[in-house]
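The next block holds one structure in the form of structure tokens; read it before the comments.
Both counts, for ligands and for their atoms, begin at 1 and track the order of listing.
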Amino acid sequence: MVDGSLSSDVGDVVSFESLGVTTVVLNSLQATHDLFDKRSTIYSDRPRMPMITELCGWTQSLGLMHYGESWRRHRREFHQLMNYKEVVNYQPLQLKEARALVLKILQDPEEFPVHIRRTQTAVIFKVAYGIDVRDENNKFMLKIKEALEGFAEAGVPGTFLVDRLPILKYVPDWFPGAAFKRKAKIWRKQAEEMWGAPFEEAKKLISQGMHSQSMTETMLSRIPEESERGFEEEVVRNVAGIAYLAGADTTISAMETFILAMAMHPDLQKRAQQEIDSVVGPNRLPEFADFEQLPFVVAVCREVLRWQPITPLGIVHSNTEADEYRGYHIPKGSMVIGNTWAILRDEKAYPEPEVFKPDRFLDKDGKLDPNAQHPNVAAFGYGRRICPGRWFGEQSLLSMAATALAVCDIQPVKGEKLEANMLHGIVTHPAPFRCSFRERSANARLLAQEE
Ligand code: HEM
């Protein structure tokens, strides 16, 4: 194989090599299933990224951890508080914040992306730490912003030579060309503060009895007496921290895409509103128990996740053993990418894939069709690393979407044509767009205010 050159004509598996590292891209559901599910014991690692993990200290991030005992321990702890049964406990908060969100958007429609961000931040901070965070100039938010700037540079494999030549991590800081080590020192300190500050604050509030229930509180209370407290607390800190880092931006993107889709498709929006009106009636707003009778609204949210995948290339996996697949040799430590974009745009599963069409998830009676391919086959990643926050994320999207549909009409700004222009990154967002929000009735607004 030649450096950097594509080496496959098979189509749903592409492999290439660059600077000694093999990258394998899996473009079909079958291929992701074959490797990430059936061979999950060897395809659940993350690639080694010495700059961001070993030097900048992001080893505490569950999303970047190597597959092994520590990852399992963190993942188990996270799952215990975020599994599909437990997330029901967060529904009242999610609904309350969804209602506050539509009111803020109606008051100040131009800033709707800011309000979505603030809402998601508030929800996740409350759930993770029991702390109320309302604006982005809050001390925790500023620390996160600072640390994420470092992450944006150091977390892209290949930006720093040390990712290709890990031995470089041992050169002394003063060595010519070791600017990366001096940068890493600063970013490490920022990352430490980002993970540490809200956790310490939550602990302080707990000890003062001024604290509402949170993941941090529950996890701390479960630490057995006889265990090593320092290590156990570190796990708690890491698990609470990753909830915000992995969960906020992704959910924000989903809600932005929902608004874009509704503004682009007034007919579909009207249908979803009519469904809500007929099931929920004029005297209350949608609640989670209603979703069983709101198949079209649920289908709209599924289509949001499919139409513009939030993580188009997922998060890279790596293999802990050399392997063979469809005639390819996949050396140990390769970068293995599930091409979520290709899977969710597969014409066989999703005819006219570029069209926003919630009906693809419904049967002829308008019910959710169990035979339609659910976007969760790829939207939340794969195998043992599949997103453990997916139930929480789906609940957030459903609650915000249904509340917005019940209370507002979402429309393009007069004279402007909206298109799906996306800004692609690890997390994709719609490029900034404008739209208008009008309250559907004074009564609906009042119901939201009652919260
Ligand atoms: C619509 C929203 C979301 C999307 C599209 C999404 C997507 C993803 C994807 C693609 C991965 C990588 C999976 C893989 O490696 O194959 C992931 C990992 C992860 N997500 Fe999410 N996510 C969302 C919401 C959330 C939320 C709300 C939370 C937390 C409450 C969360 C927590 C995590 C964590 C902790 C990981 C790392 C798992 C690991 O490496 O073992 N995510 N997510």
Side-chain angles (χ1 to χ4, degrees), residues 26 32-33 35-37 40 43-47 49 53 58-68 70-84 86-87 89-90 93-94 116 119-121 123-129 214-215 235 238-258 301-302 304-319 335-341 343-344 375-401 425-429:
L26 308 174
T32 56
H33 183 54
L35 298 194
F36 294 144
D37 294 324
S40 61
Y43 282 96
S44 299
D45 200 11
R46 296 286 188 220
M49 295 190 280
T53 54
W58 280 68
T59 35
Q60 68 267 64
S61 160
L62 170 57
L64 298 177
M65 272 178 199
H66 283 298
Y67 184 61
S70 178
W71 170 80
R72 252 188 293 277
R73 173 80 172 78
H74 283 78
R75 177 114 186 170
R76 201 166 46 235
E77 202 73 50
F78 190 97
H79 183 73
Q80 273 174 10
L81 296 171
M82 278 285 169
N83 64 57
Y84 71 96
E86 283 294 313
V87 289
N89 297 328
Y90 308 125
L93 175 69
Q94 287 173 313
I116 296 173
T119 298
Q120 274 319 298
T121 302
V123 170
I124 298 195
F125 250 74
K126 191 80 181 164
V127 166
Y129 300 110
S214 67
M215 290 170 79
V235 174
N238 298 346
V239 169
I242 197 65
Y244 177 81
L245 290 170
D249 206 28
T250 41
T251 317
I252 290 164
S253 161
M255 186 58 188
E256 290 169 350
T257 302
F258 163 79
C301 291
R302 283 190 192 172
V304 164
L305 296 175
R306 184 208 66 83
W307 180 53
Q308 300 297 339
I310 294 166
T311 50
L313 294 178
I315 308 286
V316 183
H317 288 220
S318 185
N319 50 325
M335 313 242 286
V336 188
I337 296 173
N339 187 346
T340 302
W341 174 266
I343 294 168
L344 295 180
N376 287 11
V377 295
F380 290 96
Y382 308 94
R384 294 188 188 180
R385 298 303 286 237
I386 192 171
C387 174
R390 60 196 182 280
W391 298 288
F392 187 87
E394 282 181 320
Q395 275 188 188
S396 285
L397 176 60
L398 278 172
S399 56
M400 289 189 287
I426 297 175
V427 174
T428 288
H429 287 267

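When side chains are defined from C-beta on, I252 counts as touching H429, because their heavy atoms get closer than 4.5 Å. Looking at W58 and L245, their side chains come closer than 4.5 Å, going by heavy atoms from C-beta outward.
The closest approach between a heavy atom of W71 and any atom of ligand 1 is below 4.0 Å. Using a 4.0 angstrom heavy-atom cutoff, M65 does not count as in contact with ligand 1.
Neither the backbone nor the side chain of S253 comes within 4.0 Å of ligand 1, counting heavy atoms alone. Contacts between I242 and ligand 1 below 4.0 angstrom, taking non-hydrogen atoms only, involve the side chain exclusively. With a heavy-atom cut-off of 4.0 Å, F36 does not touch ligand 1 at all. With a 4.0 Å heavy-atom cut-off, ligand 1 is reached by the side chain of R46 but not by its N, CA, C or O. If you look at I315 next to ligand 1, the close heavy atoms, those under 4.0 Å, come from the backbone and the side chain alike.
Ring planes of Y382 and H317: perpendicular class, angle over 60° (limits at 30 and 60°).
For D45 (side chain) and S318 (main-chain N/O), no donor-acceptor pair under 3.5 Å exists by modelled atom type. Between the S253 side chain and the D249 main chain, no donor and acceptor come within less than 3.5 Å of each other. A donor-acceptor pair under 3.5 Å is absent between the side-chain atoms of N238 and the main chain of V235, judged by distance alone. Checked by atom type and distance alone, the side chain of R75 never pairs as donor or acceptor with a backbone atom of L62 at under 3.5 Å. The backbone N or O of R385 sits nowhere less than 3.5 Å from a side-chain atom of S44 that would complete a donor-acceptor pair.
Shown in contact with F392 at under 4.0 Å from a heavy atom are these atoms of ligand 1, numbered in order with element: 27 (C). For ligand 1, the atoms sitting less than 4.0 Å from at least one non-hydrogen atom of H317 are 14 (C), 15 (O), 16 (O), numbered in the order shown with element in parentheses. Shown in contact with A243 at under 4.0 Å from a heavy atom are these atoms of ligand 1, numbered in order with element: 29 (C). Which parts of ligand 1 touch I310 is read off a 4.0 Å heavy-atom cut-off, strictly below it: atoms 1 (C), 5 (C).
The side-chain hydrogen bond (donor to acceptor under 3.5 Å, both in side chains) with N376 is formed by just one residue from the set R306, R302, E394, R390; it is E394.
When only non-hydrogen protein atoms are considered, atom 13 (C) of ligand 1 lies nearest to R385 O, 3.1 Å. Shortest contact from atom 29 (C) of ligand 1 to any protein heavy atom: F78 CZ, 3.6 Å.
In this structure F78 satisfies the ring-ring contact (aromatic ring centres under 6.0 Å, His included) test with no other residue, sequence neighbours excluded. Every residue two or more places apart in sequence or in another chain that forms a ring-ring contact (aromatic ring centres under 6.0 Å, His included) with F392 is listed here: Y90. When the ring-ring contact (aromatic ring centres under 6.0 Å, His included) test is applied to Y129, the partners found at least two apart in sequence or on another chain are F125.
At a cut-off of 2.8 Å, measuring from atom 21 (Fe) of ligand 1, the protein N, O or S atoms that fall short of it are C387 SG, waters left aside.
Distances between N or O atoms of R75 and those of ligand 1 include at least one value under 3.5 Å. Not one N or O of R384 is nearer than 3.5 Å to an N or O of ligand 1, by distance alone.
Ion pairing between E77 and R73 holds under the 4.0 Å rule for side-chain N and carboxylate O.
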